[in-house]
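Quick notes on the structure that follows.
Note that the structure is predicted; figures quoted are calculated from it, not measured.
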Amino acid sequence: MDKFFLLPLLSLLIIAYGVSCSIDPESDIDMVKELETFDIEEQDDNVVDTYAIPVWKSERGSRSLMNVDSFDAVGDGVTDDTMAFRKAWETACSAAKSVLLVPKEKRYLVNATTFKGPCNDGMIIQIEGTIIAPDEPEKWDPKLPRQWLEFTKLNAATFQGDGVIDGSGEKWWAESCKKNKSRPCKGAPTALTIDSSSNIRVKGLTIQNSQQMHFTIARSETVRITEVRVSSPGDSPNTDGIHITQSTNVVVQNCKISTGDDCISIVNASSGIKMKGISCGPGHGISIGSLGKDNSAGIVSKVVLDTAFLRETTNGVRIKTWQGGSGYVRAVRFENVRMQDVENPIIIDQFYCDSPNACETQTSAIKVSQIMYRNISGTTTSKNAMKFACSDSVPCSNIILSNVNLEKTDGTVETYCHAAQGFGYGVVHPSADCLTSSDNDFAAKDQTQLPTEQHIVHTEL
């Protein structure tokens with residue numbers, strides 16, 4: 001961080017907040033330092049992959065290759081190959097330095113399965129062909145209603161290849177209550193789940209047409225997801241691209257996501273999440289939440305989005321919480337984001353209600369604070385380019401805007417604020433004057449102490 005920028009920015013914080021009995025200037029200084037300096041390593045091979053695993057072909061002589069075809073998989077897209085995959089998994093899991101291979105140019109029909117560890121460290125799951133799910137919801141295994149391919153309790157494992165995981169989700173979408181109002185609302189399977197695992201790498205795969213969520217990282221730590229493509233139609237319901245829950249130290253990098261719900265969603269008990277080089281659209285944007293449903297607790301902290309392009313999405317960068325929740329979202333930085341025809345480019349929504357019925361008004365809420373937006377630009381299709389709809393009883397605080405420039409091709413844009421505190425510097429368009437400080441009167445009386453425009457414009461966070 002540029003030390004010459006820190007002093008004027010901290011001066012601004014002290015002026016804006018320092019006289020409030022409810023704000024501790026030292027904690028605000030610490031907050032800015034944290035937002036400016038926290039980061040997550042994008043590539044850390046020594047941690048993620050202690051075996052420095054290359055593509056398996058270059059080391060096949062020193063590895064145990066388990067080809068699913070050797071376990072009687074047919075790969076014609078019609079024959080049930082579930083048992084062959086399970087047998088291949090059991091053998092590969094117990095072998096040292098093993099490779100589980102799904103060969104290219106074949107289509108393997110596999111039913112809902114949990115591939116359980118622990119396995120020997122350094123296992124490679126090499127997917128070159130296509131794995132497809134049964135397409136009839138009524139024939140789905142009732143014992144596994146929310147999962148298709150689940151991998152659990154792994155360490156130092158790599159999922160890679162040019163293959164495809166296809167959830168065959170069309171009939172599931174047709175039965176969703178969001179598309180067929182006569183149907184009851186219920187959950188559907190996630191295509192790929194990595195659960196209770198550590199030191200995991202996922203690279204190069206395509207996950208498409210999931211029954212519901214495409215790819216979930218749950219209860220895991222130190223995960224690197226690179227060059228993964230997620231694809232489903234824009235009207236496919238609840239088909240989040242990459243969903244992160246109860247996980248820490250996760251990097252999602254250079255991924256292209258087109259889906260019918262959030263491109264990336266981050267929910268409760270997740271921290272140390274970095275997204276970089278993300279292409280999103282169609283979809284509902286990149287979201288933290290939803291959190292707090294049914295009066296539940298939710299905590300998300302230390303999240304970075306650095307470099308993203310969002311095209312024709314319903315939201316850009318979003319934080320969404322239900323009324324009645326508890327906990328917090330804090331220490332979040334959205335930066336270097338380009339929007340094209342995005343409906344809600346920047347949005348905090350603490351009145352989220354994804355329900356066929358109106359949600360009850362409640363006073364408790366998730367606390368949203370220490371949120372930074374910088375270098376955000378592009379076009380919007382709505383009047384409110386920025387929307388901060390926060391709780392009256394638990395207002396949003398420490399919202400920082402820097403170098404934000406959002407336009408509407410056929411009209412003017414505005415910023416909507418409700419119970420939101422913060423400030424902007426540098427270029428902020430549309431103006432965010434509706435953000436309040438804890439002591440606007442004091443700041444207005446003491447303008448001589450504010451940092452100059454030159455300091456603000458020419459210094460990066």
Would a 4.5 Å heavy-atom cut-off, applied to side chains only, mark [X] and [Y] as touching?
X: N111; Y: P134; value: yes
X: V337; Y: L305; value: yes
X: I286; Y: D262; value: no
X: T415; Y: C417; value: yes
X: F85; Y: V102; value: yes
X: T113; Y: R86; value: yes
X: Y108; Y: I132; value: no
X: V251; Y: I225; value: no

Notebook entry, point to check: What is the ring orientation for Y373 with F334, classed by angle as parallel under 30°, tilted 30 to 60°, or perpendicular over 60°?
Noted result: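 Aromatic pair Y373/F334 classed parallel.
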Item checked: Parallel, tilted or perpendicular: rings of F351 and H418 (30°, 60°) ->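 Answer is perpendicular, since the angle exceeds 60°.
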Between [X] and [Y] (side chain of the first, backbone of the second, donor and acceptor by atom type, cut-off under 3.5 Å), is there such a pair?
X: S279; Y: K256; result: no
X: S220; Y: A218; result: yes
X: S98; Y: S94; result: no
X: T321; Y: G292; result: no

Margin query: Run W89 and F151 through ring pair (Phe, Tyr, Trp, His ring centres under 6.0 Å) and show every step you take.
Written below: CA-CA 10 Å; W89 174 263; F151 295 83; 5.4 Å; yes
Do [X] and [Y] have side-chain atoms, one donor and one acceptor, less than 3.5 Å apart?
X: T216; Y: H243; value: no
X: S247; Y: E221; value: no
X: S70; Y: N67; value: no
X: Q160; Y: Q126; value: yes
X: K367; Y: S326; value: no
X: S355; Y: N357; value: no

Quick one: [atom1] on [X] to [atom2] on [Y], what's the gap to the nearest 0.5 Å?
X: I131; Y: L109; atom1: CD1; atom2: CG; value: 11.0 Å
X: T245; Y: M213; atom1: OG1; atom2: CE; value: 8.5 Å
X: F309; Y: C280; atom1: CZ; atom2: SG; value: 10.0 Å
X: K87; Y: F71; atom1: NZ; atom2: CZ; value: 9.5 Å
X: D81; Y: D69; atom1: CG; atom2: CG; value: 8.0 Å
X: L149; Y: T190; atom1: CG; atom2: OG1; value: 10.5 Å

Notebook entry, point to check: Looking at K387, K408, K383, which one forms a salt bridge (charged side-chain N to carboxylate O under 4.0 Å, His left out) with E414?
Noted result: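 Going through K387, K408, K383 one by one, the salt bridge (charged side-chain N to carboxylate O under 4.0 Å, His left out) with E414 is satisfied by K383 alone.
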Nearest non-hydrogen partners of [X] and [Y], listed with the distance:
X: T239; Y: S232; result: OG1-OG, 3.5 Å
X: I366; Y: Q350; result: O-NE2, 2.5 Å
X: V68; Y: A88; result: CG1-CB, 4.0 Å
X: W173; Y: P237; result: CB-CD, 3.6 Å
X: M66; Y: A92; result: CG-CB, 3.6 Å

Next item on the list: Decide yes or no on salt bridge (charged side-chain N to carboxylate O under 4.0 Å, His left out) for K203 and D162, but give the supporting numbers first.
Entry: CA-CA 9 Å; K203 183 176 182 180; D162 296 322; over 6 Å; no
Margin query: Checking I348 against I399 for the side-chain contact (heavy atoms from CB on, under 4.5 Å) test, could you report, in this order, the C-alpha distance in whole Å, the side-chain angles of both residues, the deciding distance, and whether it holds?
Written below: CA-CA 10 Å; I348 297 176; I399 296 171; 4.0 Å; yes
Next item on the list: Evaluate the ring pair (Phe, Tyr, Trp, His ring centres under 6.0 Å) criterion for residues Y416 and F388: first the C-alpha distance (whole Å), next the side-chain angles of each, then the deciding distance (0.1 Å), finally the verdict.
Entry: CA-CA 6 Å; Y416 171 84; F388 305 105; 9.1 Å; no
Notebook entry, point to check: What do the steps show when you test T259 against H214 for side-chain contact (heavy atoms from CB on, under 4.5 Å), and what is the final call?
Noted result: CA-CA 9 Å; T259 185; H214 283 79; 3.7 Å; yes
Checklist line | Salt bridge R219-D195, side-chain N to carboxylate O under 4.0 Å | finding: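 Here R219 pairs with D195 in a salt bridge, since their nearest N and O are under 4.0 Å apart.
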Note to self: Between D235 and K179, does any side-chain N to carboxylate O distance fall below 4.0 Å?
What the structure shows: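 Result for this pair is yes, salt bridge flagged.
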Next item on the list: From the options N384, N315, D349, select the one residue that forms a side chain to side chain donor-acceptor pair (under 3.5 Å) with N344.
Entry: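 Answer to the side chain to side chain donor-acceptor pair (under 3.5 Å) test with N344 among N384, N315, D349: N315.
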Checklist line | Partner of D341 by side chain to side chain donor-acceptor pair (under 3.5 Å), out of T380, T381, T379 | finding: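 Running side chain to side chain donor-acceptor pair (under 3.5 Å) over T380, T381, T379 with D341 returns exactly one hit, T379.
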Notebook entry, point to check: What do the steps show when you test N249 against T222 for side-chain contact (heavy atoms from CB on, under 4.5 Å), and what is the final call?
Noted result: CA-CA 5 Å; N249 190 18; T222 313; 3.2 Å; yes
